[in-house]
Amino acid sequence: SGQKVCYGGLKHSCYKLAYFQDLSRRVGFEEARQACEMDGGALLSLESETEQQLIENMLQNLTKSGSGISDGDFWIGLWRSGNELATSSPCPNLYKWADGSISPFRNWYTDEPSCGSEACVVMYHQPTANPGLGGPYLYQWNDDRCNMKH
């Protein structure tokens with residue numbers, strides 16, 4: 001289940017936000033990716049500052065609607081496969097969009113990506129967390145372990 005919002009004339013005309021307050025319904029990266037594909041879509045590629053802002057506005061509207069949305073990060077379609085770590089490229093350059101987009105747009109939180117065992121990316125949504133060095137943990141991106149539940 002999720003909230004579907006459609007716009008005319010945009011490259012990606014429809015977006016679907018799935019947020020589960022019930023922690024037992026949250027899923028890992030691969031499950032999220034498969035759920036999107038079964039729904040005829042793909043995990044979100046954020047290809048510009050404009051699109052990032054659009055998604056932030058959608059999340060703010062969802063929060064305002066009094067639906068009880070609280071802390072809980074959202075998977076996006078950015079990831080790196082572990083076998084690419086052997087290359088000489090700097091780690092941040094290894095992240096790719098799951099839908100094949102080649103957009104270079106990134107919105108990492110300060111000090112991210114941390115790489116290592118973290119290879120799948122979330123958009124932060126932790127309104128109750130104390131701000132860190134990069135400010136509130138809201139809407140910037142963080143690499144996380146792919147088996148984490150979001």
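Counting heavy atoms from C-beta outward, E51 and S103 have side chains that stay 4.5 Å or more apart. By the 4.5 Å heavy-atom criterion applied to side chains, M123 and I55 are counted as neighbours. Looking only at side-chain heavy atoms (C-beta outward), D143 and C120 stay at 4.5 Å or farther from each other. Side-chain contact between C14 and V5 is absent, with no heavy-atom pair separated by less than 4.5 Å. In this structure the side chain of C115 reaches within 4.5 angstrom of the side chain of Y95, judged on heavy atoms. Using a 4.5 Å heavy-atom cutoff, the side chains of L138 and Q126 are not in contact.
A donor-acceptor distance shorter than 3.5 angstrom exists from the side chain of E31 to the backbone of G28, with no hydrogens or angles considered.
Atom CG of D99 sits about 3.0 Å away from atom OG of S45, to the nearest 0.5 Å. Atom NE2 in H150 sits 11.5 Å away from atom CD1 in I76 (nearest 0.5 Å). For the atom pair W75 CH2 and R33 CZ, the distance stands at 12.5 Å (nearest 0.5 Å). The CE atom of M148 sits 10.5 Å away from atom CZ of R26, with the distance rounded to the nearest 0.5 Å. Here the CZ-CG distance, from F29 to N147, works out to 12.5 Å after rounding to the nearest 0.5 Å. Taking CG of D111 as the reference point, atom CG of N142 lies at 10.5 Å (rounded to 0.5 Å).
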* Asked: How far apart are the C-alpha atoms of N61 and M58, what are their side-chain angles, what is the distance that settles it, and do they pass the side-chain contact (heavy atoms from CB on, under 4.5 Å) test?
  -> CA-CA 5 Å; N61 289 340; M58 285 172 60; 5.6 Å; no
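The ring-ring contact (aromatic ring centres under 6.0 Å, His included) test with Y124 is passed by exactly one of Y139, W141, Y109: Y109. Exactly one residue among L44, L43, V121, L46 makes a side chain to side chain contact (heavy atoms under 4.5 Å, CB included) with W97. That residue is L46.
Looking at E56 and Q52, their side chains do bring a donor and an acceptor atom within 3.5 Å of each other. Side-chain contact annotation: Y137 with D71, donor-acceptor N/O pair under 3.5 Å absent.
Taking each heavy atom of G116 and R80 in turn, the nearest pair found is O-NH2, 2.7 Å. Considering every non-hydrogen atom in both W108 and Q140, the closest pair reads C-CB, 4.1 Å.
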